[in-house]
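Note sheet for the following structure.
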Amino acid sequence: MTQHFQIRLPDGSVREVEPGTTPADVAAAIGPGLAKAAMAARVNGELRDLNRPFEEDAELALVTARDEADALELVRHDYAHVLAEAVQNLFPGTQITFGPATDDGFYYDFAPAPGRGPFTEEDLPVIEEEMRRVIARDDALVREVWTRDRVRDFFEKQGERFKAEWVMELPADETITMYRSGNWMDLCRGPHLASTGRLDPQAFKLTRVSGAYWRGDQKNAMLSRIYGTGWLNRKQLDAHLLRLEEAAKRDHRRIGQEMDLFHLQSEAHGSVFWHPKGWAIWRGLEAYMRRRLDAAGYREIKTPQLMDVGLWEASGHWGKFRENMFVVPDEVPGTDPDRPVLSGTGDLMALKPMNCPAHVQVFRQGITSYRDLPLRLAEFGTCHRNEPHGALHGIMRVRQFTQDDAHIFCTPEQVFEETVGFARLLDTVYRDLGFPAYTIKLALRPEQRAGSDSLWDAAETTLRDAVAFAKLSGEGFNFSELPGEGAFYGPKLEFHLTDAIGRTWQCGTLQLDYVMPERLDASYVGADGERHRPVMLHRAILGTFERFIGILIEHHSGRFPLWLAPVQAVVATIVSEADDYAREVAGALSAAGIRVESDLRNEKINYKIREHSLAKVPNLLVLGKREAEEHTVALRPLGTDARQEVLGLDALVARLVAEATPPDLRASPPQQGLDGGNRRG
RNA sequence: GCCGCGUUAGCUCAGCUGGUAGAGCAACCGCCUUGUAAGCGGUAGGUCGUCCGUUCAAGUCGGACACGCGGCACCA
């Protein structure tokens with residue numbers, strides 16, 4: 001008697017099928033429309049090939065383009081596969097390695113054929129064409145189960161050393177599958193579409209080339225990566241390309257130049273020249289942070305830029321971080337043109353790459369009692385780090401930056417409450433600045449670390465619980481854990497924000513540190529009269545002003561909330577008869593603390609409106625003969641087209657002053673208690 | 001640091017196979033006193049990133065370096 005399988009469909013119906021039956025067969029039995037639309041199958045929750053026979057009773061859901069996440073993942077993976085086949089067709093001797101789907105497409109890493117260098121962007125159109133040929137050939141993508149040794153022998157024979165190396169490291173219990181399309185084969189877990197022809201030949205585009213290390217390790221070979229973006233259809237692709245174009249307009253480097261906020265130049269690469277308008281944003285942000293920190297019980301300090309190398313040796317930075325430090329010899333430079341400027345024998349000092357050792361020095365002055373804890377020392381601390389050359393990026397990754405840094409010295413028992421307090425403060429600040437949604441990551445113990453496992457257990461649990469207690473993890477929150485990513489001295493929380501094109505940047509952080517107080521001999525006197533080591537929490541909310549302002553620019557497309565806008569209003573006249581009145585209006589606003597500029601040029605009002613709109617000035621105050629006579633102002637907020645409101649001068653001043661009030665100075669709802677949540681909307 | 005690409009007027013960019021630099025916008029000057037996203041006319045502006053080389057001749061070809069861009073690795 002033949003064994004039949006019971007296949008349960010999402011509508012609850014059950015079909016009895018013979019062994020050898022595939023999801024494709026079931027789809028065909030249901031109807032030709034579904035057979036055509038089906039791209040893959042979810043069998044007992046696992047995404048599988050349409051043509052892979054059932055092996056047991058199963059829950060089956062057929063995946064179509066409507067299941068967009070699954071469908072995109074499938075086609076992107078297939079595009080990568082087609083890319084690899086196309087490259088090997090065109091460039092024999094190229095070795096294949098990995099080619100996964102990404103958030104918007106796919107990539108494939110190749111080892112170029114000997115004698116042929118890495119791929120360049122000029123190669124891409126040719127490869128795209130070949131990919132279309134592979135798609136047009138519509139070869140079936142066939143799954144085959146092979147043994148490990150057979151796969152290795154196969155690839156070794158083909159000169160594919162990367163694939164041969166990789167297959168031998170797959171877990172022993174893993175089923176090893178090869179996918180065949182025509183004569184071409186790749187080691188792949190799958191699943192894939194039934195055939196290459198199921199891909200839309202007009203829904204992908206190869207976008208760029210890049211180097212990438214084999215298995216992500218700098219010590220390994222540099223491979224040549226080709227990136228593409230891939231979609232279900234042409235319309236989606238075009239929409240995506242349009243989004244990228246729009247995103248490019250929000251690039252902080254571009255807006256920084258257009259709005260005259262800052263510039264960079266090669267003589268000080270990695271350090272920002274802040275212009276008056278950019279600095280106005282910084283000042284507004286700093287003043288706001290200072291108020292928030294004061295209110296949260298922090299005490300602000302200022303510590304030296306240059307400190308003797310001895311201190312960095314004691315802190316451990318000299319050993320671990322020296323390559324990233326700027327070292328300054330403490331000697332008078334020679335003035336004899338025939339002799340070297342530096343003797344090389346002077347004592348060494350270093351620009352601080354972080355503030356913590358200096359903060360410990362402040363903590364160590366005098367004797368601290370347990371009654372003084374927690375002690376929260378804050379500094380807008382300017383640091384220098386000599387970053388790897390290729391890492392610099394606009395003002396988001398620089399060599400001189402200012403952190404909104406603070407170190408909380410506390411007892412182990414206070415860590416939880418301090419972490420909760422910090423998380424809430426950060427959440428408030430991020431909301432005030434327009435970021436109700438952000439990503440939180442908990443970086444867990446690395447391979448190489450200081451301290452016992454039980455200490456790490458406790459530290460990780462404390463941070464995890466504190467985030468949960470602050471109601472910032474769980475349903476609706478973007479919280480994840482990163483095994484192995486913590487600092488060697490303790491676990492850390494990372495708070496990430498996203499830039500215009502979707503890259504995420506770590507901004508806020510909180511790091512638990514049991515080591516630094518020990519190394520720099522920080523102690524307090526406990527209730528028992530004995531000396532104890534405090535725990536140190538390194539923490540920052542913005543992270544650095546440079547990066548955070550960069551993110552702010554991109555997030556708001558340069559249209560800052562009024563309280564941060566570098567120019568809050570421009571008075572623009574229509575006729576010169578209004579000039580005197582315009583000066584009066586500008587004077588009144590300026591006296592009320594509004595950052596206002598006047599445009600009395602002999603230009604058409606159309607011209608002025610266009611210019612100041614492009615400059616993203618939030619409020620345009622238009623004054624003609626009528627307004628001058630009636631002592632009113634026509635208020636034209638940015639982005640409201642021709643709509644405007646005519647106000648009396650006093651009303652206007654009151655209105656702008658109210659709107660330009662920083663969020664922390666506005667009338668606020670009653671304070672929440674310790675167990676009050678800040679739930680995200 | 002690694003791979004690829006780039007660097008021409010204040011900005012955005014053109015300049016084919018080497019023959020000595022061009023546009024639009026901005027700037028400046030003049031006219032227009034103007035009502036909600038570009039009025040009109042004119043003028044000026046560049047040792048083509050730096051250095052070295054090939055050549056009768058280099059923005060253009062080759063090399064080195066610097067910086068930038070996209071990734072990789074590293075990180076706030």
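Values reported hereafter were calculated over all heavy atoms of this structure, with side chains retained and with hydrogens, waters and symmetry mates removed. Letters A, B, ... mirror the listed sequences (proteins, then strands); counts begin at 1. This is a predicted model, so every value here is computed, not measured.
- Under the 4.5 Å side-chain criterion, counting only non-hydrogen atoms from C-beta, A:H393 is in contact with A:W505.
- Pair assignment for B:G1: B:C72, on the basis of Watson-Crick or G-U wobble contacts that are both within less than 3.5 Å.
- Within the structure, every side-chain polar atom (N or O) of A:H538 is placed at least 4.0 Å from both OP1 and OP2 of B:A76.
- Between the C1' atom of B:A26 and the CZ atom of A:R610 lies a distance of 12 Å, rounded to the nearest Å.
- Taking atom P in both B:C31 and B:C67, the straight-line distance is 49 Å, to the nearest Å.
- Nucleic acid contact for A:K608: none, since no nucleic acid atom lies under 4.0 Å from a heavy atom of the residue.
- Of the C1' atoms belonging to B:C48 and B:A9, the separation is 10 Å, rounded to the nearest Å.
- Counting non-hydrogen atoms under 4.0 angstrom, A:G394 reaches the backbone sugars and phosphates but no base.
- Counting any heavy atom pair closer than 4.0 Å across all strands shown, A:Y227 reaches sugar-phosphate atoms only and no base atom.
- Interface remark: the A:Y213 side chain does form a donor-acceptor pair with the B:G1 base, using a distance-only criterion of under 3.5 Å.
- Counting any heavy atom pair closer than 4.0 Å across all strands shown, A:K492 reaches sugar-phosphate atoms only and no base atom.
- To the nearest 0.5 angstrom, A:D103 atom CG is 13.5 Å from A:R503 atom CZ.
- In this structure, B:C51 forms a base pair with B:G63, meeting either the Watson-Crick or the G-U wobble geometry with both donor-acceptor distances under 3.5 Å.
- A donor N or O paired with an acceptor N or O is not found under 3.5 Å between the base of B:C72 and the side-chain atoms of A:R225.
- With a 6.0 Å cutoff to the six-membered ring centre and a 45° limit on the axis angle, A:R449 does not count as a cation-pi contact of A:F488.
- A:H612 comes within contact range of no nucleotide atom at all, as no heavy-atom separation falls under 4.0 Å.
- One interatomic measurement links the two molecules: CG of A:L621 to C1' of B:G35, which rounds to 15 Å at whole-angstrom precision.
- Among the protein residues, A:T544 comes within range of the nucleic acid bases, having at least one heavy atom under 4.0 Å from a base atom.
- If you take atom C1' in B:G19 and the same atom in B:G59, they sit 13 Å apart, rounded to whole Å.
- Looking at heavy-atom distances under 4.0 Å, A:A540 makes no contact with the nucleic acid at all.
- With respect to A:E554, the side chain to side chain donor-acceptor pair (under 3.5 Å) criterion is satisfied by exactly one of A:R250, A:H252, A:K249: A:H252.
- B:G63 and B:C56: their C1' atoms are spaced 22 Å apart (whole Å).
- Using a 4.0 Å heavy-atom criterion, one finds that A:E627 contacts the bases of the nucleic acid, with or without backbone contacts as well.
- In terms of position along RNA chain B, the nucleotide closest to A:M222 lies nearer the 5' end than the nucleotide closest to the other residue of the pair A:M222 and A:G270.
- The base of B:C3 lies outside donor-acceptor range of the side chain of A:R208, with no N or O pair under 3.5 Å.
- Spacing between atom NZ of A:K219 and atom C1' of B:C2 amounts to 14 Å, rounded to whole angstrom units.
- Protein atom CG of A:L614 is 12 Å distant from nucleotide atom C1' of B:C25, rounded to whole Å.
- On the P atoms, B:U50 is 10 Å away from B:U8, given to the nearest whole Å.
- The CE atom of A:M131 sits 10.5 Å away from the CG atom of A:L124 when rounded to the nearest 0.5 Å.
- A:I609 comes within contact range of at least one nucleobase, with a heavy-atom separation under 4.0 Å.
- Rounded to whole Å, atom C1' of B:U36 lies 13 Å from atom CG of A:L635.
- Each of A:L620 and A:M396 was assigned the nucleotide of RNA chain B with the nearest heavy atom; the assignment lying further toward the 5' end belongs to A:L620.
- In this structure, A:G216 reaches the sugar-phosphate backbone alone: every heavy-atom distance under 4.0 Å involves primed, P, OP1 or OP2 atoms, never a base.
- For A:Q511 against B:A76, no side-chain N or O and base N or O form a donor-acceptor pair under 3.5 Å.
- Atoms CG and CE, from A:D251 and A:M396 in turn, are 7.5 Å apart once rounded to the nearest 0.5 Å.
- Counted by atom type alone, A:Y107 and A:R208 present zero donor-acceptor pairs between their side chains at under 3.5 Å.
- Residue-level contact check: A:R253 touches the backbone only, with heavy atoms under 4.0 Å from sugar-phosphate atoms and none from bases.
- A donor and an acceptor atom never sit less than 3.5 Å apart when one is taken from the side chain of A:Q257 and the other from the base of B:G10.
- Using a 4.0 Å heavy-atom distance criterion, A:S266 is classed as a sugar-phosphate-only contact.
- The gap from the C1' atom of B:U7 to that of B:U60 amounts to 14 Å, rounded to the nearest Å.
- For the pair A:W505 CH2 and B:C74 C1', the computed distance is 12 Å after rounding to whole Å.
- Rounded to an integer number of Å, the gap from A:F380 CZ to B:A76 C1' is 16 Å.
- Among the atoms of the strands shown, base atoms are found under 4.0 Å from some heavy atom of A:S613.
- For the P atom pair drawn from B:U12 and B:U55, the interatomic distance equals 37 Å after rounding to whole Å.
- Contact annotation: A:H389 reaches the phosphate of B:C67 (side-chain N/O to OP1 or OP2, under 4.0 Å).
- Rounded to whole Å, the C1' atom of B:C28 lies 25 Å from the corresponding atom of B:A14.
- The aromatic rings of A:F273 and A:H263 sit parallel to each other, their planes meeting at less than 30°, with 60° as the upper class boundary.
- Within the nucleic acid shown, A:R503 comes within 4.0 Å of sugar-phosphate atoms alone, with no base atom in reach, counting heavy atoms only.
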